[in-house]
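Inspection log for the structure reproduced underneath, given as structure tokens.
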Amino acid sequence: MSRYDEAKQIYAKYGVDTDKAIEKLKNISVSLHCWQGDDVRGFDTDPNKPLTGGIQTTGNYPGRASTPEELMEDIDEVLKLIPGKIKLNLHASYAIFDDENPWVDRDKIEPKHFKKWVDFCKERGLGCDFNPTFFSHPKCDPLTLSSPNEETRKFWIEHGKACIRISNYLAKELGEPCVMNIWTGDGFKDIPADRIGPRERYRNSIDEILSEPYDFNMVKPCVESKVFGIGVEAYTVGSAEFALGYAAVNKDKCIPLMDNGHYHPTEVVSDKISALLTFFPEIALHITRPIRWDSDHVVLFDDETKEIAKEIVRCGGLDGKVNIALDYFDASINRISAWVTGVRNVQKALLFALLEPSNSLENMQNNSDFTQLMIVQEELKTAPFGDIWNEYLERENTPVEYFAEVKRYEQEVLSKR
Ligand code: RNT
Ligand code: ZN
């Protein structure tokens, strides 16, 4: 008997059908962040400028993509090494300018600046998500949508509106909804004198952006909250309460987005998913790995990632209620490997969650049988999960091992850049 067949029998004892779990996993879409490939630099401003808005990439591993062609080539390499259904996730700063469509500032970008990305996605059968880029730009004063300077604020509102139009275009061209996430790094390093002013302006600015017409079934604007950033330690305009409040009173126009690097280290997003789904029909997630701060390390198959995946599955999140995206950027290791490892780990966590006998565990909880609940949950941790994962990879024609291929690509392509 094959290892898979043996493992299948073991899971069957718990009432779990491993074939069904594998089938389900194949269709869960995970949004792949383009910004892992170039350390969040983009193509529309000086690539050597510092990142602003409180985010930081650390490391200087060779081979960073510095042109659209290189980034596309790298994404293709990643697609070879990952299973499952992928959506591409672009930032506005990845607009493609050329002789025909020369550079314009962020308030003036148009769908045509993303035509090459649309062609890229079409050829590979990918949907595409989008993000306005409210950071790393001379017009951050340092505030953007919450700036007291009307000219600055207007510039960024126009950027947001342009991004709604681009999201519309991506959704229409690719025939899949486009999740458009609004995140700004707006905030202050030190104690502010006025906390409510920036928040009221931020609210008004999002209102203006969302007044641009869109079909909410196809373009899904999100509001992402944050607790603090590097150099933005004392005050963040788009705090958790702000973003949730905004999303709650504008449920017909946008959805809340939680990034698991954006909370106090003892808070967990796995516990927040069900709380939000009690009130919102749909939510969005940025899956990352914070170490002590929002450090955006590569996602691992660790306890919190598993717990987040379990909650997504248990809450029915796989049926369109939870939009799953990745958000990390490690510049200290091979970037292809960083991408592949993180995507695989999110999928591993989802498979692990799909292999839970959710109904019987729920019954144990409801019958107050906490003794059995603990025993079974612990047993499942050492069930032969690896054999099911390997079977999934095989069915998806994806290699189990990828280090050798990552090295080959590094030698033949990345090291020559
Ligand atoms: C930053 C936010 C935000 C960004 C991306 C690049 O803390 O998480 O989502 O990482 O938009
Ligand atoms: Zn994020």
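Both ligands and their constituent atoms are indexed starting at 1 by order of listing. As the structure is a computational prediction, the values presented were derived from the model and not from experiment.
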To the nearest 0.5 Å, atom OG1 of T236 lies from atom CZ of F242 at 12.0 Å
heavy-atom search around atom 9 (O) of ligand 1 in the protein gives E224 OE1, 2.7 Å
Charged N to carboxylate O under 4.0 angstrom, E173 versus K115? no
Taking H137 as the fixed residue, which of D105, D44, T144 is the one that meets the side chain to side chain donor-acceptor pair (under 3.5 Å) rule? D105
Salt-bridge present (K172, D215; N to O < 4.0 Å): no
For the pair H33 (side chain) and A325 (backbone), establish whether a donor and an acceptor sit closer than 3.5 Å, ignoring hydrogens and angles. no
Counting only nitrogen or oxygen atoms and a 3.5 angstrom limit, does D327 reach ligand 1? yes
Please confirm whether K226 comes within less than 3.5 Å of ligand 1 when only nitrogen or oxygen atoms on both sides are compared. yes
I'd like to know if K407 pairs up with E410 as an ion pair, taking the criterion as any Lys NZ or Arg NE/NH1/NH2 lying under 4.0 Å from an Asp or Glu carboxylate oxygen. yes
What protein heavy atom lies closest to atom 6 (C) of ligand 1? Include the residue and the distance to one decimal. H91 NE2, 3.4 Å
Taking only heavy atoms of I55 into account, list the atoms of ligand 1 that are under 4.0 Å away from them. 1 (C), 7 (O)
If you count every protein N, O or S atom closer than 2.8 Å to the Zn ion (ligand 2), you should arrive at 4
Does the N or O separation between D294 and ligand 1 drop below 3.5 Å for any pair? yes
Proximal ligand 1 atoms for F329, defined as those under 4.0 Å from one of its heavy atoms: 10 (O)
Q56 vs F329 side-chain heavy atoms within contact, under 4.5 Å: no
On the six-membered ring of Y61, is R64 placed so that its NZ or CZ lies under 6.0 angstrom from the centre and within 45° of the ring axis? no
In ligand 1, which numbered atoms sit nearer than 4.0 Å to a non-hydrogen atom of H286? 9 (O)
I'd like to know if D107 pairs up with K154 as an ion pair, taking the criterion as any Lys NZ or Arg NE/NH1/NH2 lying under 4.0 Å from an Asp or Glu carboxylate oxygen. no
Atoms of ligand 1, numbered as shown, that sit under 4.0 Å from any heavy atom of D259: 8 (O)
So L244 and F280, do their side chains get closer than 4.5 Å, heavy atoms only? yes
Taking distance alone, with no angle check, do N131 and ligand 1 share an N/O pair under 3.5 Å? no
Salt bridge present between D319 and K24 (N-O < 4.0 angstrom): yes
Any Lys/Arg nitrogen of E267 or K272 sitting under 4.0 Å from an Asp/Glu carboxylate oxygen of the other? yes
So is there a nitrogen or oxygen of H262 less than 3.5 Å from a nitrogen or oxygen in ligand 1? yes
Any H33 heavy atom less than 4.0 Å to ligand 1: no
